[in-house]
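Quick notes on the structure that follows.
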Amino acid sequence: LVQEVAAEFKNINGSIICRELLGLSPMSESPVPSDRTPEYYRKRPCEELVGISARIIGNKIIESLSETK
């Protein structure tokens with residue numbers, strides 16, 4: 001089930017790897033964390049990606065419940 005969810009997320013977003021989802025190359029940023037400013041968060045699609053994950057999992061739960069009826 002986890003593999004199915006991961007595959008669906010990858011189909012939608014192109015990857016399941018955070019660095020790739022953020023569009024970062026292996027050494028594009030310093031390993032030192034950036035200041036967590038409003039601009040920092042505007043560049044990060046994390047909230048949207050978590051929402052996509054939640055929808056995928058919610059749909060799997062609904063499918064599972066439908067199959068048991």
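Keep in mind it's a predicted model, so treat the numbers as computed, not measured. Positions are given from 1, in the same order as the sequence printed here.
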Problem - salt bridge (Lys or Arg N to Asp or Glu O under 4.0 Å) contacts in which one or both residues fall within residues 50-59, not counting sequence neighbours - result: none
Practice task
Answer yes if Y40 and L49 sit in the same cluster of Ile, Leu, Val, Met, Phe, Trp and Tyr residues linked by side chain heavy atoms under 4.5 Å apart, and no otherwise.
Solution key: no
Practice task
Report, as yes or no, whether the 6.0 Å neighbourhood of atom CD on Q3 holds more than 12 heavy atoms from other residues, nucleotides or ligands.
Solution key: no
Exercise for the section: Working to the nearest 0.5 Å, report the span between CD1 of I16 and CG of N11. Expected result: 11.0 Å
Fill in the blank from the handout: Residues at least two apart in sequence or cross-chain that pass side chain to side chain contact (heavy atoms under 4.5 Å, CB included) with L65, listed by chain then number, are I61
Exercise for the section: Just jot down the salt bridge (charged side-chain N to carboxylate O under 4.0 Å, His left out) partners of E4, sequence neighbours excluded, or say none. Expected result: K60
Completion exercise
Residue set satisfying side chain to side chain contact (heavy atoms under 4.5 Å, CB included) with I12, at least two apart, ordered chain then number -> E8, I52, I56
Practice task
Tell me, please, which residues at least two apart from E20 pass side-chain hydrogen bond (donor to acceptor under 3.5 Å, both in side chains).
Solution key: S15
Completion exercise
Sorted by chain and residue number, the salt bridge (charged side-chain N to carboxylate O under 4.0 Å, His left out) partners of R42 (sequence neighbours excluded) come out as E39
Fill in the blank from the handout: Residues passing the side chain to side chain contact (heavy atoms under 4.5 Å, CB included) test with C46, sequence neighbours excluded, are L22, R44
Practice task
Find the distance between OG (S66) and CG (N59) and round it off to the nearest 0.5 Å.
Solution key: 10.5 Å
Fill in the blank from the handout: Interatomic distance, NZ@K10 vs CG@L21, rounded to 0.5 Å, equals 10.5 Å
